Amino acid sequence: MDYVFCPSWVGAFGHQDLWRRNDLRRQYPAGSGLGASGYGAYAFLFAIVTLAALPTQFGLPDLVVRETSRAATAETPGLMFALWRWAHSFVCATSLMVIIAVWLWLSMTDETGNGIAAANFIALILIPLISLSNLRAAMLRGLGHDLLGQLPEHAIRPTLFAIVLLIMLLLPGPPLSVANAFVAQSIAVGLATAFGMVQLWHLAPRATRVTPTSRQKAGWYRAAFAMGSISGLVLINNSVDIIMLGLWKSDADVGHYRLASTVGALITLGLQTMNMYAMPHLTRSVVTGKKADLARVVQHSTQLSFGFSMIALAGILVLGEPALAFVFGRDFSDAYPVLLVLAAGHITNAFFGPSHTVLMMAGQERVAAFLTGLGTVANVGLNFLLIPTYGPIGAAVASAVAIVVTKVAAFILVWRMHKVLSWPFPKQIFGLK
């Protein structure tokens with residue numbers, strides 16, 4: 001995972017709290033119409049489930065992509081299946097612990113004393129389903145089936161969700177409820193995961209059972225911990241500016257910054273997409289020792305992600321401040337200067353390409369975690385210094401500088417370790433070999 005800021009999820013938690021969730025539960029019990037407030041209860045609970053699913057994965061998808069690609073390249077399918085069994089065991093064990101913890105938390109915070117509502121209970125089923133779905137996608141991507149790995153999550157799952165909801169709406173009976181919405185979501189995720197598992201069964205090589213050594217398992221745990229730490233640090237980076245703004249400035253300042261962050265994150269969509277595509281190809285190039293292939297994958301990924309980012313930036317510059325005021329309201333026109341500052345950081349992020357991903361796929365995930373931590377420290381420190389005086393602009397400068405520091409350091413390390421330039425320019429134009 002590269003240093004990509006996606007702060008839009010913060011809003012699901014920013015102005016919601018436990019008491020609001022309980023109020024919505026009493027106001028919209030199972031069997032009542034969903035409505036706007038019911039949808040808010042669904043979105044809030046789904047955000048909690050999504051966040052709760054993070055510890056059950058903790059870097060596993062990226063690790064599985066890398067190690068599956070390594071095993072496929074080295075033609076050691078037995079070790080590949082051993083990794084998959086270990087990953088499934090990890091997900092099942094951690095999912096059970098997380099479900100118990102969330103269940104106890106929901107029970108203790110139930111003001112009515114009636115126990116966990118049906119919607120909450122059904123939503124807990126999504127925790128292992130989401131983790132298994134991401135794990136299955138990582139396995140397919142590691143085998144080189146990038147499109148097929150994303151098909152269940154981004155096409156089959158939302159389509160099934162819409163179909164199940166439509167059937168529920170057409171059937172006679174009570175109106176759609178929050179609990180029914182989670183039933184539909186669970187069915188969609190479960191069927192999409194099952195589809196991916198069937199495809200994996202047909203595409204995976206056959207092999208005899210191999211028992212991994214304790215040293216191999218320890219290596220997997222260390223790598224998963226380092227990659228999971230990167231994910232956690234990215235989450236901190238995505239939320240620390242909002243939190244510190246909320247402590248020192250007005251709600252309007254927080255709203256302006258959040259809108260600018262959400263719109264600005266569109267610039268990094270190309271980088272996120274290319275990172276997912278590049279992971280298995282980077283691993284194969286590292287395993288085979290083909291520097292030319294590694295350089296070509298990095299350069300193509302960087303050129304495509306940077307090109308998409310420039311298109312997104314051009315759209316922001318052309319549409320300008322009037323577009324923000326027209327779409328979101330006149331009060332949000334003040335978010336435009338903040339957006340421009342954040343855009344500078346996002347463009348830098350895309351310019352230096354998948355440098356963090358190169359380090360992780362080459363087995364240097366601890367270096368990538370250190371760099372991400374360096375960016376986190378810079379972001380928090382600069383927020384502390386700049387927000388009291390400059391408000392949202394100061395928070396945007398802090399985020400942009402943190403991105404620049406981290407990506408430049410990653411760029412230098414990738415060049416020194418692998419002699420690969422993770423930027424969109426061919427190295428020949430600078431006389432480099």
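All residue numbers refer to positions in the sequence shown, counting from 1. What you are looking at is a predicted structure, and each value in this text was computed from that prediction instead of being measured.
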Note to self: Counting C-beta onward and ignoring hydrogens, is there a side-chain heavy-atom pair between Leu63 and Met360 closer than 4.5 Å?
What the structure shows: no

Next item on the list: Kindly determine whether Thr56 and Ser131 satisfy side-chain hydrogen bond (donor to acceptor under 3.5 Å, both in side chains), including the steps that lead there.
Entry: CA-CA 7 Å; Thr56 68; Ser131 301; 2.3 Å; yes

Next item on the list: Would you mind reporting whether Leu124 and Val102 have side-chain heavy atoms less than 4.5 Å apart?
Entry: yes

Note to self: Does any part of the side chain of Asn379, heavy atoms only, come nearer than 4.5 Å to the side chain of Ser399, both counted from C-beta?
What the structure shows: yes

Checklist line | Verdict with reasoning, Ser309 to Leu271, per side-chain contact (heavy atoms from CB on, under 4.5 Å) | finding: CA-CA 8 Å; Ser309 298; Leu271 178 61; 5.5 Å; no

Checklist line | Arg222/Glu365 under salt bridge (Lys or Arg N to Asp or Glu O under 4.0 Å): CA gap, chis, key distance, verdict | finding: CA-CA 9 Å; Arg222 285 194 299 269; Glu365 59 276 351; over 6 Å; no

Notebook entry, point to check: Is the distance between the ring centroids of Phe81 and Trp86 less than 6.0 Å?
Noted result: no

Note to self: Using only atom types and a distance under 3.5 Å, with no angle test, would you say the side chain of Gln216 pairs donor to acceptor with the backbone of Thr213?
What the structure shows: yes

Checklist line | Minimum side-chain heavy-atom gap Thr357-Met361 below 4.5 Å | finding: yes

Note to self: Quick check: do Val254 and Lys249 have side-chain heavy atoms less than 4.5 Å from each other?
What the structure shows: no

Margin query: Side chains of Ile316 and Leu266, heavy atoms from C-beta outward: is any pair under 4.5 Å?
Written below: no

Notebook entry, point to check: Can you name the closest pair of heavy atoms from Leu371 and Leu359 and give their distance?
Noted result: CD1-CD1, 3.9 Å

Next item on the list: Given ring-ring contact (aromatic ring centres under 6.0 Å, His included), test Phe384 with Trp248 step by step and report yes or no.
Entry: CA-CA 10 Å; Phe384 183 80; Trp248 285 323; 5.6 Å; yes

Next item on the list: Give the C-alpha distance, both sets of side-chain angles, the deciding distance and a yes or no for side-chain contact (heavy atoms from CB on, under 4.5 Å) between Phe90 and Trp220.
Entry: CA-CA 11 Å; Phe90 184 92; Trp220 292 341; over 6 Å; no

Margin query: Can you tell me how far apart OG (Ser186) and CZ (Phe161) are? Round to the nearest 0.5 Å.
Written below: 9.5 Å

Notebook entry, point to check: Would you find more than 12 non-hydrogen atoms of other residues, nucleotides or ligands less than 6.0 Å from Tyr277 atom OH?
Noted result: no

Notebook entry, point to check: Counting N and O atoms only, with roles assigned by atom type, does the side chain of Thr76 sit under 3.5 Å from a partner on the main chain of Ala72, one being a donor and the other an acceptor?
Noted result: no

Check: Could you go step by step and tell me if Arg66 and Met227 meet the side-chain contact (heavy atoms from CB on, under 4.5 Å) rule?
Finding: CA-CA 11 Å; Arg66 187 185 76 185; Met227 293 180 179; 3.5 Å; yes

Item checked: Between CG on residue Leu342 and CD1 on residue Ile403, distance to nearest 0.5 Å -> 7.5 Å

Next item on the list: Taking all non-hydrogen atoms of both residues into account, name the closest pair between His256 and Ala335 and its distance.
Entry: O-CB, 3.4 Å

Notebook entry, point to check: From Leu339 CG over to Tyr257 OH, what is the distance, rounded to the nearest 0.5 angstrom?
Noted result: 11.0 Å

Check: Hey, are Asn383 and Asp241 close enough side-chain-wise for a donor-acceptor pair under 3.5 Å?
Finding: no

Next item on the list: Would you name the heavy atoms of Ile130 and Ala53 that are closest together and state the gap between them?
Entry: CG2-CB, 4.3 Å

Check: Is any side-chain heavy atom of Pro205 less than 4.5 Å from a side-chain heavy atom of Met80?
Finding: yes

Check: How far does CG of Leu233 sit from OG1 of Thr406, to the nearest 0.5 angstrom?
Finding: 10.0 Å

Next item on the list: Decide if atom CZ of Arg206 counts as having more than 12 heavy atoms of other residues, nucleotides or ligands within a radius under 6.0 Å.
Entry: yes

Next item on the list: Anything under 30° is parallel, anything over 60° is perpendicular, the rest tilted; go ahead and classify Phe351 against Phe306.
Entry: perpendicular

Check: What are the two closest heavy atoms between Ala204 and Leu143, and how far apart are they?
Finding: CA-CD1, 4.2 Å

Notebook entry, point to check: Under the side-chain hydrogen bond (donor to acceptor under 3.5 Å, both in side chains) criterion, do Arg284 and His281 qualify, and how do the steps go?
Noted result: CA-CA 5 Å; Arg284 283 193 287 270; His281 303 283; 3.0 Å; yes

Next item on the list: Sort out for me which residue in Val91, Leu132, Val98 forms a side-chain contact (heavy atoms from CB on, under 4.5 Å) with Ile127.
Entry: Val98

Notebook entry, point to check: When you measure from the side chain of Thr302 to the backbone N and O of Val298, does any donor-acceptor pair fall under 3.5 Å?
Noted result: yes

Margin query: Test your reading of the model: is there a side-chain donor-acceptor pair from His145 to the backbone of Arg141, 3.5 Å cut-off?
Written below: no

Notebook entry, point to check: So Leu135 and Met139, side-chain contact (heavy atoms from CB on, under 4.5 Å) or not? Walk me through it.
Noted result: CA-CA 6 Å; Leu135 196 59; Met139 293 172 183; 3.8 Å; yes

Check: To the nearest 0.5 Å, what is the distance between NE2 (His300) and CE (Met274)?
Finding: 9.5 Å

Next item on the list: Any chance you could measure Leu203, atom CG, to Leu148, atom CG, to the nearest 0.5 Å?
Entry: 6.0 Å

Check: When you look at Asn349 and Thr268, which way does the side-chain hydrogen bond (donor to acceptor under 3.5 Å, both in side chains) test go after all the steps?
Finding: CA-CA 8 Å; Asn349 195 2; Thr268 62; 5.8 Å; no

Note to self: In the structure I gave you, are the side-chain heavy atoms of Val183 and Met168 within less than 4.5 Å of one another anywhere?
What the structure shows: yes

Check: What's the shortest heavy-atom distance between Ile187 and Val164, and which atoms?
Finding: CG2-CG2, 4.1 Å

Notebook entry, point to check: What heavy-atom pair brings Ser422 and Ser355 nearest, and what distance separates the two atoms?
Noted result: OG-CB, 3.5 Å

Margin query: Hydrogens and angles aside, do Ser133 and Arg136 bring a side-chain donor and acceptor to less than 3.5 Å of each other?
Written below: yes

Next item on the list: For His356 and Gln364, run side-chain hydrogen bond (donor to acceptor under 3.5 Å, both in side chains): C-alpha distance rounded to whole Å, both residues' side-chain angles, the deciding distance at 0.1 Å, then the answer.
Entry: CA-CA 9 Å; His356 274 72; Gln364 293 146 345; over 6 Å; no

